[in-house]
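Everything on this sheet refers to the single structure shown next.
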2 protein chains.
Amino acid sequence: MAYRETEKMRQRKAQARQRIIDCTYECVANGGFRSARITRIAGLAGVATGTIYRHFESREDLFAEIFRTATQREVDKVAEALNTDGDAAVRLEAALRQFAERAMRGPMMAWALIAEPVDPKLEEERLVYRRAYAELFEKAIRDGIEEGCIPDQDARQSSTCLVGAIAESLVGPLSPTLAGQITIADIDKNKLVDSIIRFCMQGLTGTRR
Amino acid sequence: MAYRETEKMRQRKAQARQRIIDCTYECVANGGFRSARITRIAGLAGVATGTIYRHFESREDLFAEIFRTATQREVDKVAEALNTDGDAAVRLEAALRQFAERAMRGPMMAWALIAEPVDPKLEEERLVYRRAYAELFEKAIRDGIEEGCIPDQDARQSSTCLVGAIAESLVGPLSPTLAGQITIADIDKNKLVDSIIRFCMQGLTGTRR
DNA sequence: ATAAGCAGTGAATCATTATTCATTTCTTGT
DNA sequence: ACAAGAAATGAATAATGATTCACTGCTTAT
């Protein structure tokens, strides 16, 4: 017995894996999943294409991992925003704002996660992702109903509507066809986010503001 | 000069073209765009694959035509619902209901039009399609604002939220992974549609009902 | 009946990339 | 230094289906 897996090797492998992940992330953040080629990723990461397959079962698997990682980051941010002070309605509003504003800050990745046409396996991940958001919102709505600051309603259904309203409102502005050509001024972004949120909060509370 | 295009020929060609369209529609209504194979369509229509290309530039082109046709049918129905009596809010509610109920009646086609991952060219058609709905709603919202039954707001933005809220709410129930397995009882469908519409109308009017 | 010209045919081609795997290179313990 | 084994390589392969095009067979006007 001559070769034995050692700590040094374990680390080196882990590093390569991380490099692959990082470069994939970069490719996706740059042109979405569809246009991210394995050969390009391998090139960027400084490994051969075959090496990718020593770390990931398949392209789809690699993408699924990226999807989950990127998603979790976003979901965590929204969860964080839901954990601040104030009544449930206020916290929800902060969370919705966080969701929308982060999407506009990284439009291509947001588009890839929310709206890019992807293969079935990734589409499944996306449903999980949307569900995760919806569940966060749902919980907050229930809290609000208990607190009395949000009227009684089907929390699950309403949370789904929230996700849909925001996603749809962002698809246009995020769409990569436009993203390169049109630059949305910050002031417009704010107005956009404000009116989305107004609609959503009214939908929830049935109260004009 | 021996051969000259005659009325009979023109008709025969038109019939073949229509058969191709019909069969494509059937395939899509059955499994979405992605799974609709040219060879299968040709087989159903009783023509050779090559013949498809005498009538349509490409697969994408054929699909785009189907997309437009199917879409126009839906948009017309919604427009019709907006043209009935009552104040703008009532008419809008009827239109939203029409949209949602028709989708649940033909779930696979609705999914293909609303949520199926498709190629860029079709995705473009889809944006047009969503815009068409949004514009109908937008017009109605403006009417409502003038009539005084809907408070002043960014009609365009609100209409986008409407489309998103409905679409997102339907994606889950329409998703073909489930469609075959779970049958949604009519009573559930009604409850679903009701709560979507409640959210939407509250979002618009800021009034509980 | 015939010839001109269009429509229809469908097997063969093409294009695109993810994936494989025989080979090479590197790491380790003795 | 060496052998045993693991990791990396990347050119070749595979798979998929849309698209083509040389050919066949109809339709028409004379």
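Below, chains carry the letters A, B, ... as their sequence lines are ordered, and counting in each starts from 1. Since the model is a prediction, treat every value here as computed from it, not as a measurement.
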Margin query: Quick check on DNA chain D: between B/Glu5 and A/Ala16, whose nearest nucleotide comes earlier from the 5' end?
Written below: A/Ala16
Next item on the list: Identify which nucleotide among C/dG8, D/dA8, D/dA7 has an atom closest to any side-chain atom of B/Thr51, counting heavy atoms from C-beta outward.
Entry: C/dG8
Checklist line | Length of the line joining B/Phe56:CZ and D/dA18:P, which is rounded to integer Å | finding: 15 Å
Note to self: Output one letter per nucleotide in nucleotides 15-27 of chain C: B when a protein non-hydrogen atom lies under 4.0 Å from the base, S when only the sugar-phosphate is that close, - when neither is.
What the structure shows: --SSBB-----SB
Check: Quick one: B/Phe33 CZ to D/dA18 P, roughly how many Å, whole number?
Finding: 14 Å
Notebook entry, point to check: For A/Arg59, what residues pass the salt bridge (charged side-chain N to carboxylate O under 4.0 Å, His left out) criterion, not counting sequence neighbours?
Noted result: none
Check: Any Lys/Arg nitrogen of B/Arg34 or B/Asp119 sitting under 4.0 Å from an Asp/Glu carboxylate oxygen of the other?
Finding: no
Item checked: Interatomic distance, B/Arg10 CZ vs C/dC6 P [rounded to whole Å] -> 14 Å
Item checked: Value in whole Å for how far the P atom of C/dC6 lies from NZ of B/Lys13 -> 10 Å
Next item on the list: With sequence neighbours excluded, tell me which residues meet side-chain contact (heavy atoms from CB on, under 4.5 Å) with B/Lys121.
Entry: B/Glu60, B/Asp61
Notebook entry, point to check: Taking CD1 from A/Ile20 and P from D/dA7, how many angstroms apart are they, rounded to a whole number?
Noted result: 13 Å
Note to self: Listing request: all ring-ring contact (aromatic ring centres under 6.0 Å, His included) pairs with a residue in residues 63-86 of chain A, at least two apart in sequence or in separate chains.
What the structure shows: A/Phe33-A/Phe63, A/Phe33-A/Phe67, A/Phe67-A/Tyr129
Item checked: Which residues share a side-chain contact (heavy atoms from CB on, under 4.5 Å) with A/Asp87, sequence neighbours left out -> A/Ala89, A/Val90, A/Glu147, A/Cys149
For residues 47-56 of chain A, which side-chain donor-acceptor pairs fall under 3.5 Å, sequence neighbours excluded?
{"residue": "A/Thr51", "atom": "OG1", "partner": "A/Ala48", "partner atom": "O", "Å": "3.4"}

Notebook entry, point to check: Atom CD1 of B/Ile41 to atom P of D/dG17: distance rounded to whole Å?
Noted result: 13 Å
